[in-house]
Amino acid sequence: MTASLEIRDLSITFGEGPDAVKVLPSVSFSVAPGECFGLVGESGSGKSTVLRCVSLLTTIWSGEVKIDGRDLRELPLKQRCRLIQMVFQDPYGSLHPRQSVRTTLAEPLRIHGLDDHEGRMKRAMIEVGLPVGFLDRFPHQLSGGQRQRVAIARALILEPALLLLDEPTSALDVSVQAEILNLLARLREERGLTYVMVTHDLAVVDHMCDRFAVMLRGEITEILPREAIPGNQATHPYARELIGASLDYEGRA
Amino acid sequence: MTDPILEVSNLSIRYPGASSEAVRGVSFTLGRERLGVVGESGSGKSTVGRALLKLLPGARITADRLRFEDLDLLALSEAEMLKVRGRRMSMILQDPKFSLNPIQRVGSQVAETCLRHFPVSRAEAKAKTLEMLAAVNIRDPERVHDLYPHEISGGMGQRVMIAMMLLADPDLVIADEPTSALDVTVRLQVLNILDGLVRDRGIGLIMISHDLNLVRNFCDRVLIMYAGRVVETLKAGEFDKAQHPYTRGLLAAQPRIGGPRKPLAVLDRRPEWTEELPA
Ligand SMILES: Nc1ncnc2c1ncn2[C@@H]1O[C@H](COP(=O)(O)OP(=O)(O)O)[C@@H](O)[C@H]1O
Ligand SMILES: Nc1ncnc2c1ncn2[C@@H]1O[C@H](COP(=O)(O)OP(=O)(O)O)[C@@H](O)[C@H]1O
Ligand SMILES: [Mg+2]
Ligand SMILES: [Mg+2]
């Protein structure tokens, strides 16, 4: 299953009165069905906030978000969950410490009234490269990479079309990151999934994404194709600085 | 190498109650250079760094040699270590938020370091503080002096930590993931400051990091650690010549700008990597 995403004039303000902070003044971008779209920018620039708005973890935003041409806010909750799922950075914090993997995976199946729980859970485990026997493990019995696989399995079990990935490998060692990025790339290819992926690593963007947006203080400075990274073809000063620093950091200057 | 700052030979460390050693048989020598220590989480990098400062209460530290300049670190008492730590040997940690006192202005924290280590007046300490804040490229030292830790950015915090450490004029600096929490643009600025200081002042720097790009671009030599052991030592410019399959595996697993979009190589961990090297 695949879906397009269209965001127009997304804006959000936290707080009220004199303490109000406009975190996203007005963000617009579109993601094609099956595309991997990156969001980069300095910490605090609003990347996670964009994902939280699209997943409706935050609801106080204004603007327009469309999935496959349909208004996000008008989709019934259940349908929305079967279209959009999110994976967070911290595989420690995002799994309930006292829930087994089985409980974690069964909950969305139960809520959505799906049949064949056992079969779906087993297939999800195999899909993310975990032994089926791990269904009976608890988070503390899993490594960081294994926890992130469980988080991905949980996101996939409702067969969504759009995955929102918030720094899914930032907390992982490079060798484990490689496994998770390979898994995400394979799933996208096999299922035609659409990804929006927040990362601070432009090498990850270059490896995974088709296009990416560079954010600064809540605004998109520039949207670029991945091909613009190696030769730093950005035109906005901040986007140029970010790509330039990333190239320097890799020792390519 | 002219008069090494640090000589470590056959260092092993076991945490209290642990069934095995967290660090096993680590040996290296440090001159006035930047030595990287790289490896995955849990490989023992921070444990080595803390052992050099003897900041491992209850742990069993053994070594054939653990020498810092004229001092035999193994023989020093805690009282003697207090005179070494922060004065001749300093540590910079990942997150300045945890190292700075949240309810004290950053300037007075830096000045306190000065007062602790040197016989100076308050006014002299403040002058020295402002000079140091300027030395780490803080443009407006007077203003930053009066801010509280929560009022400064991560990059600024890390500069304040470096200024504080420099005031004591140490010979050895141990930086444990000093830039891991920073944005890449800020990371470079902080690294360049550290770099300049090491060069200008002839400090020996141990740079602990999980980040291959960082150590290969900002260090002179790099120790690669796996499961508590150093499996390989490389000149930073010669990572392409890495011999150990673990080092090669880490390099291949790293996505690169402009790299091919094939699946990334994954590590095939071998049991023999955790065994002793042949003598
Ligand atoms: N619930 C909230 N209330 C107030 N401010 C918030 C809230 N969530 C995020 N922010 C602020 O919004 C800004 C953007 O945050 P975030 O989206 O997490 O940035 P990023 O993911 O790019 O690091 C930050 O300044 C953050 O402090
Ligand atoms: N205070 C401690 N008590 C017991 N074991 C510890 C402690 N700190 C670290 N360890 C263990 O020692 C090993 C090395 O840890 P560490 O030096 O922190 O690795 P790194 O810095 O390379 O991530 C790990 O197996 C870790 O679990
Ligand atoms: Mg974020
Ligand atoms: Mg560490």
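Lettering of chains follows the sequences in order, A, B, ..., and the numbering in each one begins at 1.
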Exercise for review: Pick one of side chain, backbone, both or neither for B/Arg216, based on which atoms fall under 4.5 Å of a heavy atom in chain A.
Suggested key: neither

Review point. Is there a donor-acceptor contact under 3.5 Å from the side chain of B/Arg261 to the main chain of A/Asp206?
Key: yes

Revision key, fill the gap. Here the gap from B/Gln254 atom CD to A/Asp201 atom CG, rounded to the nearest 0.5 Å, amounts to 7.5 Å

Exercise for review: Check whether B/Leu191 gets within reach of chain A through its side chain, its backbone, both or neither, counting any heavy atom under 4.5 Å.
Suggested key: side chain

Point to revise | Proximity breakdown for B/Asn213 and chain A, heavy-atom pairs closer than 4.5 Å | key: both

Point to revise | Residue part contacting chain B, namely of A/Asp173, when any heavy atom lies under 4.5 Å | key: side chain

Practice item. Report, as yes or no, whether the 6.0 Å neighbourhood of atom CZ on A/Arg217 holds more than 12 heavy atoms from other residues, nucleotides or ligands. Key: no

Check your understanding: How long is the gap from CD1 on B/Ile257 to CG on A/Leu247, to the nearest 0.5 Å?
Key -> 4.5 Å

Practice item. Tell me, for A/Leu181 versus chain B, whether the close heavy atoms (under 4.5 Å) come from the side chain, the backbone, both or neither. Key: side chain

Revision key, fill the gap. Applying a strict 4.5 Å limit to non-hydrogen atoms, the region of B/Leu188 in contact with chain A is side chain

**Study point:** Best-contacting candidate, B/Ala252, B/Gly249, B/Ala253, against chain A by heavy atom pairs under 4.5 angstrom
**Key:** B/Ala253

Exercise for review: Using a cut-off of under 4.5 Å on heavy-atom pairs, state which of B/His210, B/Arg256, B/Gln189 scores highest against chain A.
Suggested key: B/Arg256

Point to revise | Partner chain B: residue of A/Glu179, A/Arg226, A/Arg186, A/His200 with the largest heavy-atom pair count (under 4.5 Å) | key: A/Arg226

Review point. Once you round to the nearest 0.5 Å, how far does OG of A/Ser175 lie from CG of B/Leu264?
Key: 11.0 Å

Check your understanding: Is atom CD of A/Glu190 surrounded by more than 12 heavy atoms (other residues, nucleotides or ligands) closer than 6.0 Å?
Key -> yes

Point to revise | Contact leader toward chain B among A/Glu241, A/Glu227, A/His207, A/Met208, where contacts are heavy-atom pairs under 4.5 Å | key: A/His207

Check your understanding: What closest approach, in Å, do B/Pro255 and A/Glu250 show between heavy atoms, and which atom pair accounts for it?
Key -> O-OE2, 4.0 Å

Practice item. Report the distance from atom CD of B/Glu40 to atom CG of A/Leu172, rounding to the nearest 0.5 Å. Key: 11.0 Å

**Study point:** Where A/Asp248 and B/Asn217 come nearest, the two heavy atoms and their spacing
**Key:** O-ND2, 4.5 Å

